[in-house]
Structure formats: C-alpha cells, structure tokens
Amino acid sequence: MKKSKKQKKILFVSSEVYPFAKSGGLADVSLGLPKALLPMFDISIMMPMYSSIDKDRFDIVHTGISFEILLGKKKHLVELFSTSYEGIKCYFIDTRILCAKKSLYGTPEKGYKDNDLRFGLFSKAVIAFIKQSVEPYDLLHLNDWQSALCALFLKEDSSIKTKCVYTIHNLAYQGVFEKKALSRLGLSSSYFNMESLEFYGDMNFMKAGIAYADVITTVSPNYAKEILTPEFGCGLEGFLAKHQNKTVGILNGIDISNFSPKTDTALENNYDSKSYDKKYKNKQSYLKERDIKNTQRPLFIFIGRFTWQKGIDLLVKELDKISTMKLNIAILGNGEKKYSKQIKSISSKHKNINFYFGYDEELSRRMYASADFMLMPSLFEPCGLNQLIAMNYGTIPIVNSVGGLKDSVNSIDDFDSKNMSGFGICFEKKKPKALIKAIKKALELYKDKERLNKINLHNMECDFSWDRGAKAYATIYNSLVEKR
Ligand code: ADP
C-alpha cells in the first residue's frame, strides 16, 4: 500500500517477532499489532538478526547501512538487514555478540551471562538507527526488558524528538543484572538510584522503560491493576504505582489472518462456525496420528512454556488424578527440565496422557483445532493468547481467572449469546481442588452437546482480532505525537 506523506512514522522494537523468531506470545503480538496499525501509520518493525533466522526463506538482505557502537570501552560493528513481510518493512540488527548464540535468551533456567551487553547493544543500535534516518521517526514502541534501555538513551539525547511507548508483556522477566552492568554498558553511575535503574542492589533494564517512556502500556486492563499489588508486582509494584498516571492496560488480540481455522495451512480440514463439524475430523486424525485410544472421549490440551507461571506445579500435582477421569489429555511444551521429567514420568504410566516435548508451531495449531478443552491453570497471566486462539478455533478454555484471562474469558455459568465476548470455564486456583472441579464441569458440558456447540459457535463468531486494541494504541500514538 502506498503511504501518504502525512502518516506518522513509528518503529516497533521487539526481541522476537513471528515468524522470524518466537519463544512465546511476544512474537505473535510483535507481528499482529503492527499489522493492524499498518493502515493508520507508517510502521516498521526492528528486531535482532539471530543466526537461527533463515535469511533466504524471508528474502532478508543487507541494507548497505552499517555503523559502529561504543559499549563501555569496546566498539561493536552493527550491520542492518531488512525485508518486507506481509506489507511491513522489517529491520534486523546484526552484531556478533547479540546474534551468534544458539537460542534467543539462554536456557529456561538461566539467561546468557552477557544478556546485559547483548540487549544493551541492541537498544543502542536502535537509537543509532533512528538518528541516521533522513526522515525522523515520530515514535518508538518498545517491548519488554530487552529494548527498555532505548527509552533512557532517547532521553539522554536532546537532539532526538521521538516519543516513546513502552509495553510490559510480562513483569516476571525484568532483565536484572549485577551493578557492574552499568559500567559495562558505559552508563553513568548517576542512574544507580531507586528512581532509575537500581533494584535491590542490582541493575534493572525494565525500570528504564517504566521511568523514561512517555506512556506505559500493559497487555490487559486487569493486569494493569494487578501489577500494583505485591502479589503480582514482582517487586516493582511501588515503582509502578509512581508511574501509574502514565500506565494503560490494553487487551491483546490475535492476528486473525494467521490464527484462523478457516485458513490455517497446518490443518487437514479447515472449518469455520458454519462448518464446525469438520473440527471433528481434525480431532480423529490427530488422535490417530498420536495413537490415542478411546476417541469418543473429550480431548483436553495444554500448550505452553513449562514454568511456574503457567501453573505447571498444579497440573503435575493433579495429573495422576486427571488421568483416572474419562478423558484424553495431550500436552505440548518445553521449558524447565524438572517439569518435563515429571510430566514424562506421569504420562508414561497412563495411556490417556499424550506428551510431546518441544516447540512445534504446526502441531500446536492442529491441537487447537482438534481439542474440546484447553487447560490454562496459570498462576498469573499478563494477557495470554492461548485462550484467544482456542476460542477462535472452537475450543473451550479452562482458566484460572487472573490477569488477561479474567478480561477475556467469561464464565459459561453467565452465558449470554448477546454478549459478544468469549466464554469458558473459569476457576479460582486458590480454592481447593479448583482445577479438578473445573475439569468435572467440562465433562458435564461435554455430555450436553447442544450447549457445548452453542458456546463454541458463539465464541467462533466473537472478534478476538487486533482491531479494538490497535485503535487504542493508535489513540495513544496520535496524542503523543501531536503533543510534541
Ligand atoms: P507466553 O507467556 O508464553 O508468551 P502466551 O499465551 O502469551 O504465553 O503465548 C503463547 C504463544 O506461544 C501461543 O501462540 C502458543 O500457541 C505458543 N506456544 C507456546 N508453547 C508452544 C509450544 N511448545 N509449541 C508451539 N507453540 C507454543
């Protein structure tokens, strides 16, 4: 699409973007949101040129731009690559220490030791890039701790007039490093105080985004409230409270053109609410492929990172019991080894538990399309995308009502076909046996096919797209840029 000259120029900065590199929901958002904003803004994306990204597959080429960045006492050569993906210009920062690693951030248990240098350098390179741009950028949209320092670098350079929005996707990952990170990055020790980067004697990247961005957003209205409490604030609740007047919660959406059962190329049988019975064919072929018997039983799935956030401890604790119920359960995930071991050991004892260890985008999509129910017993969930994808694929989510799960899943007890938001089975983890009770409720619902279908068809007609969220971000972008 040809851009009108009047469109505001935005750079969306993220450490992962689907389909180039993905470890979780951040990558989905980093494509879906810019795509939804594209008709309104001249928006491009910037991310690291990880060595795992296939340059040929995505036609990624050198832009001819390179520069040197001084970090502490060392100079680093930075090369800039680019491509166009689904109509969006995507830029890639290539510099050795950032990109030559095997994975994005390290292992699930421990990040790479030099992540401070890697993402400090990334943030500096972003600022160097916007400085050399002939047509200035109106606004930078930063995401999570990996690009948070951009907000500080922007404020340090009074020659740059670019505004800055900072989105917190998950407060549990703040980018905390030893104090010496400050000098490693060549940052003044004057930043080492409570109002800035200091955090219990360490240096905290996320605090830079919170302190120096013009507007902070987080990924659901409920999470915006929760992070002000000690239970969910991860030690930053006081600091966030100070910046509350510039904080807004906006519910994430999903990229419907990417996550739609009607067009998803991973599915054998595409379907929509008008051809919902085809979902059953997907279920049958999936069960056959995974050698799961008793195919008339309801299929429950879990897809996600194996980490305490996702409620894995509860799932592991109850898994033996769950397996005695008349259901099949398929688990897809990777993450902390202790959880994989536990799940592997339990699933080897029960034929109705199917465990696939790893990260597999295609398999996940076939699971969304085959399942009857999806389990999300998360302890906290800033927004969560799984439940939105599940509802869009006609699968009932079973959720612990926290964070964005509370904002996006209404209880089926209150089902109202005129309420065009999604419905699922909601429980409160704090109540004893809550998960087991929720699963029993699902089994009851499964017996009542008429009600089950009604809820699923309703969910599939709901709008989980980025339309609403993108409008809210557009309002913020416009008000900030007009204020300049
Ligand atoms: P997170 O906290 O991991 O970001 P979200 O619910 O926001 O959680 O997003 C998770 C995204 O990652 C979804 O698109 C989900 O389908 C996908 N996902 C998670 N784990 C896996 C896996 N093991 N294989 C394939 N996709 C996965």
Side-chain angles (χ1 to χ4, degrees), residues 1-3 7 9-39 41-69 71 76-106 112 114-115 117-135 137 140-144 146-147 150 169 255 257-259 265-266 359-362 365 466:
M1 195 197 300
K2 212 170 167 228
K3 300 271 167 226
Q7 278 190 325
K9 202 171 163 188
I10 316 288
L11 188 64
F12 191 94
V13 185
S14 178
S15 58
E16 53 181 275
V17 181
Y18 178 83
F20 308 111
K22 173 170 168 177
S23 80
L26 173 61
D28 293 329
V29 171
S30 301
L31 177 71
L33 177 56
K35 246 175 91 174
L37 288 164
L38 195 58
F41 298 95
D42 176 3
I43 187 163
S44 13
I45 295 172
M46 177 158 269
M47 67 175 293
M49 182 77 253
Y50 298 113
S51 53
S52 55
I53 301 174
D54 185 343
K55 285 200 187 95
D56 293 339
R57 180 179 158 209
F58 296 113
D59 283 331
I60 299 172
V61 292
H62 202 291
T63 55
I65 301 171
S66 60
F67 38 83
E68 276 187 335
I69 302 270
L71 207 62
H76 297 261
L77 177 66
V78 172
E79 316 253 12
L80 195 73
F81 288 78
S82 76
T83 191
S84 178
Y85 186 77
E86 301 200 356
I88 307 181
K89 183 90 176 172
C90 303
Y91 291 103
F92 300 84
I93 300 275
D94 193 5
T95 180
R96 201 185 53 78
I97 62 161
L98 172 65
C99 304
K101 305 270 190 206
K102 244 174 143 185
S103 66
L104 309 192
Y105 315 120
Y112 290 124
D114 61 348
N115 273 350
L117 289 182
R118 296 177 70 221
F119 291 100
L121 182 54
F122 175 56
S123 301
K124 271 209 161 170
V126 170
I127 302 301
F129 168 75
I130 63 164
K131 271 193 91 159
Q132 58 81 54
S133 170
V134 180
E135 207 187 306
Y137 278 88
L140 275 190
H141 188 154
L142 311 173
N143 295 279
D144 270 351
Q146 294 88 344
S147 52
C150 290
H169 294 260
D255 178 3
S257 66
N258 178 23
F259 285 113
T265 52
Y359 188 93
D360 190 324
E361 185 76 30
E362 282 210 359
R365 286 154 182 273
W466 265 109

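Being a predicted model, the structure only gives us computed values, none of them experimental. Numbers here simply count residues along the sequence, with the first being 1.
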Ile127 vs Cys150, side-chain contact (heavy atoms from CB on, under 4.5 Å): CA-CA, chis, key distance, verdict: CA-CA 7 Å; Ile127 302 301; Cys150 290; 4.0 Å; yes
Working for side-chain contact (heavy atoms from CB on, under 4.5 Å), residues Leu140 and Val126: CA-CA 9 Å; Leu140 275 190; Val126 170; 4.3 Å; yes
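Nearest heavy atoms, Ile88 versus Ile43: CG2-O, 3.7 Å. The minimum heavy-atom distance linking Phe119 with Pro48 is given by the pair CE2-CG, 4.4 Å. Closest non-hydrogen pair, Thr83 versus Phe58, comes out as OG1-O, 2.6 Å. The shortest heavy-atom contact between Ile97 and His76 is CD1-CE1, 3.9 Å. Here the closest non-hydrogen pair linking Ser82 and Phe92 is CA-CD1, 4.1 Å. Contact record, Leu33 with Phe12: CD2-CE1, 3.9 Å, taken as the closest heavy-atom pair.
At least one side-chain heavy atom of Ile130 sits less than 4.5 Å from a side-chain heavy atom of Leu11. A heavy-atom distance below 4.5 Å is not found between the side chains of Ser84 and Lys89. In this structure the side chain of Ile93 reaches within 4.5 angstrom of the side chain of Leu98, judged on heavy atoms. Contact check for Ser103 versus Tyr112: side-chain heavy atoms found under the 4.5 Å cut-off.
Judged by distance alone, the side chain of Asp54 and the main-chain N or O of Arg57 form a donor-acceptor pair under 3.5 Å. Checked by atom type and distance alone, the side chain of Asp255 never pairs as donor or acceptor with a backbone atom of Trp466 at under 3.5 Å.
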Extract all donor-acceptor atom pairs below 3.5 Å that involve side chains of residues 14-26 and protein atoms in other chains or at least two apart in sequence.
from	atom 1	to	atom 2	distance (Å)
Ser14	OG	Glu16	N	3.3
Ser14	OG	Glu16	O	2.8
Ser14	OG	Ser30	OG	2.8
Ser15	OG	Tyr105	OH	2.8
Glu16	OE1	Ser23	N	2.5
Glu16	OE1	Ser23	OG	3.3
Glu16	OE1	Gly24	N	3.1
Glu16	OE2	Ser23	OG	2.7
Glu16	OE2	Tyr105	OH	2.6
Lys22	NZ	Asp28	OD1	2.9
Lys22	NZ	Asp28	OD2	3.1
Lys22	NZ	Glu361	OE1	3.3

Distance-only donor-acceptor hits, side chain of residues 59-68, under 3.5 Å, sequence neighbours excluded:
from	atom 1	to	atom 2	distance (Å)
His62	ND1	Gly64	N	2.8
His62	NE2	Glu79	OE1	2.6
Thr63	OG1	Ile65	N	3.1
Thr63	OG1	Leu80	O	2.6

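Annotation: the span from Thr265 atom OG1 to Glu362 atom CD amounts to 6.5 Å, rounded to 0.5 Å. The OG1 atom of Thr95 sits 8.0 Å away from atom CD1 of Ile69, with the distance rounded to the nearest 0.5 Å. With values rounded to the nearest 0.5 angstrom, Leu71 atom CG is found 13.0 Å from Arg118 atom CZ. Once rounded to the nearest 0.5 Å, the distance linking CD of Glu86 with NZ of Lys35 reads 3.5 Å. The structure places CZ of Phe41 at 15.0 Å from NZ of Lys9, a figure rounded to the nearest 0.5 Å. The distance from atom SG of Cys90 to atom CD1 of Ile45, rounded to the nearest 0.5 Å, is 4.5 Å.
Ion pairing of Arg365 with Asp360 is absent here, as no side-chain N (NZ or NE/NH1/NH2) approaches a carboxylate O to less than 4.0 Å.
Taking the ring centre of Phe81 as origin, the terminal cationic atom of Lys55 falls inside the region bounded by 6.0 Å and 45° from the ring axis.
Ser52 and Lys101 share no side-chain donor-acceptor pair at under 3.5 Å.
Between Phe129 and Tyr91, the distance separating the two ring centers is shorter than 6.0 angstrom.
Counting non-hydrogen atoms of other residues, nucleotides and ligands closer than 6.0 Å to NZ of Lys131 gives a total of 12 or fewer.
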